[in-house]
Undergrad: 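Please find one structure pasted underneath; my questions will follow.
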Amino acid sequence: MQIFHKMITAIDQGKNWVQGARARKFRGILSRPTFVSVRKDENVVEHLRELNSKLRPDVEDIVVTNFPMEEVLFNTMDVPKEIRKSELRSYVTAEMSRILNLSSSEMALDCLRNPVGKALVMVTKARRLNEWVSNLTTAGFPLPDVVIPDVFKYLQLVKVPVRETCVLIFLTYDYSAVITCVAGSPLGIRTFSHSVEETLSIVSEETGLTKEEIAQEFTKTDVNNVRSVFESIVIDLPYAVEREIIFLLSSVMPGSSIRDVARFYLFCDPSDFAPHYAKLFETVETFQGRLQTLRAEISVKGLPISILGLLLRGGEEFGKNKLVQV
């Protein structure tokens, strides 16, 4: 059983906000959470300073932060059976250096090995990662222990229900993504531009309601103006997602078809809107009878699910040395 006494500081940066939380993890349970959210503009460091002054992290904190999806290249490559776990990073680095025509010093990368003989590689320019980390330390935060591509804060919260080939559909505030999973492990990731926040903002402008009031209207069973406006905006989304899945499958599992996917799982942030997106997807033949909604397996009162995922990831760093990793 893990006994973890240090505090965890999670820093979550979106396109329009900076938010963070501190919590203690003891015997697998997060306790004493503090959450702060700050809207941001171009001066990111000033808003990070404001966040830092309110959270007041300690130099001994385990610090974990997200990294923007648009700055990360995802690639799925075959891994020879003879490559040992200790050799995987060196092998992947050499391959990505050859593919991208970049030296190893110009890249920051991490990888996940899948049981089917492939590896999901996440790579970004080292310069861009250093800038991201520098903004945090300039604002007074300790050097991060972990930097993860944004979507992984959500993957911390869900468990892939099947071992067969399935696809996770993530609809989030800033972006959306489709993730192919095989044997319960991510095999490929593809992002696209649908933003839940932008969609809700349009609905808000059209109806004059706040996002909270929109969520309330969605709970009503009768047809209403809010639901009609929402559906008119996202009516083509399932077809766009279907195309993204087809492109992803063709690149990570050549010769496979979307018909080979056992299940589709939809995850939404904020989660209140997941059933309404799912209802829309069920109108498209590809997803009929094969789509389920996913919710976070754990929740903590007062914490957004995105921050919770970062806190959980930080809790995995017990006993490790400081290490920035993607």
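We number each residue from 1, following the sequence as shown.
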Undergrad: Evaluate side chain to side chain contact (heavy atoms under 4.5 Å, CB included) for Val182 paired with Met253, printing each intermediate quantity in order.
TA: CA-CA 10 Å; Val182 178; Met253 299 176 64; 4.0 Å; yes
Undergrad: Please say yes or no: joined through hydrophobic side-chain contacts below 4.5 Å, possibly via intermediate residues, are Tyr239 and Phe287 part of one cluster?
TA: yes
Undergrad: With a sphere of 6.0 Å drawn around CZ of Arg39, does it hold more than 12 non-hydrogen atoms of other residues, nucleotides or ligands?
TA: yes
Undergrad: With side chains defined as the heavy atoms from C-beta onward, is the minimum distance between His194 and Val234 less than 4.5 Å?
TA: yes
Undergrad: Is the shortest side-chain heavy-atom distance between Pro275 and Phe218 below 4.5 Å?
TA: no
Undergrad: Is Pro304 close to Gln19 at the side-chain level, that is, under 4.5 Å between some pair of heavy atoms?
TA: yes
Undergrad: Hey, mind stepping through Tyr277 and Leu237 against side chain to side chain contact (heavy atoms under 4.5 Å, CB included) and telling me if it holds?
TA: CA-CA 9 Å; Tyr277 276 106; Leu237 178 62; 3.6 Å; yes
Undergrad: Minimum heavy-atom separation for Ile298 and Leu308, please, with both atom names.
TA: O-CD2, 3.3 Å
Undergrad: Could you state the interatomic distance from CD1 (Ile148) to CD (Gln156), rounded to the nearest 0.5 Å?
TA: 6.0 Å
Undergrad: Is the shortest heavy-atom distance from the side chain of Lys15 to the side chain of Ser195 under 4.5 Å?
TA: no
Undergrad: Might you point out which heavy atoms bring Tyr175 and Asp150 nearest each other, and give the distance in Å?
TA: OH-OD2, 2.6 Å
Undergrad: Check the side chains of Thr207 and Glu217 for a donor-acceptor pair under 3.5 angstrom, ignoring hydrogens and angles.
TA: no
Undergrad: Looking only at non-hydrogen atoms, find the nearest pair between Thr137 and Leu143 and report the distance.
TA: CG2-CA, 4.0 Å
Undergrad: How many angstroms lie between atom OG of Ser53 and atom CG of Leu48, to the nearest 0.5 angstrom?
TA: 11.0 Å
Undergrad: Between Glu244 and Thr191, what is the shortest heavy-atom contact and its length?
TA: OE1-O, 4.4 Å
Undergrad: Take Asp269 and Phe170 through the side chain to side chain contact (heavy atoms under 4.5 Å, CB included) test and state the conclusion after the steps.
TA: CA-CA 8 Å; Asp269 182 14; Phe170 283 83; over 6 Å; no
Undergrad: Atom CD1 of Ile307 and atom CG of Asp12: how far apart are they, to the nearest 0.5 Å?
TA: 4.5 Å
Undergrad: Is there a side-chain contact between Ile258 and Val167 (heavy atoms, below 4.5 Å)?
TA: no
Undergrad: Could you give the distance from CZ (Phe230) to CD1 (Ile235), rounded to the nearest 0.5 Å?
TA: 10.0 Å
Undergrad: If I take atom CZ from residue Arg313 and atom CZ from residue Phe152, how far apart are they, to the nearest 0.5 angstrom?
TA: 10.0 Å
Undergrad: Could you please spell out the steps behind the salt bridge (Lys or Arg N to Asp or Glu O under 4.0 Å) verdict for Glu71 and Arg128?
TA: CA-CA 8 Å; Glu71 298 284 351; Arg128 184 66 186 96; 3.1 Å; yes
Undergrad: Would you call Lys211 and Glu197 a salt bridge, taking side-chain N to carboxylate O under 4.0 Å as the test?
TA: yes
Undergrad: Roughly how far, to the nearest 0.5 Å, is the CD1 atom of Ile305 from the CG atom of Leu312?
TA: 11.5 Å
Undergrad: Would Lys279 and Glu282 satisfy salt bridge (Lys or Arg N to Asp or Glu O under 4.0 Å), going step by step from the backbone distance to the final call?
TA: CA-CA 5 Å; Lys279 183 179 178 181; Glu282 282 286 354; over 6 Å; no
Undergrad: Decide if the gap between the ring center of Phe281 and the ring center of Phe264 is smaller than 6.0 angstrom.
TA: no
Undergrad: If the condition is ring-ring contact (aromatic ring centres under 6.0 Å, His included), which residues does Tyr154 pass it with, not counting sequence neighbours?
TA: Phe267
Undergrad: Please check if the number of heavy atoms outside Glu297 that lie under 6.0 Å from its CD is greater than 12.
TA: yes
Undergrad: Side-chain contact, heavy-atom cut-off 4.5 Å: Trp132 with Thr124?
TA: no
Undergrad: For Arg22 and Leu55, which heavy atoms make the closest approach, and how far apart are they?
TA: CD-O, 3.2 Å
Undergrad: Apply side chain to side chain contact (heavy atoms under 4.5 Å, CB included) to the pair Thr34 and Lys54, showing each step before the final yes or no.
TA: CA-CA 9 Å; Thr34 301; Lys54 294 179 178 179; over 6 Å; no
Undergrad: Hey, does Leu100 have a side-chain heavy atom less than 4.5 Å from the side chain of Leu73?
TA: yes
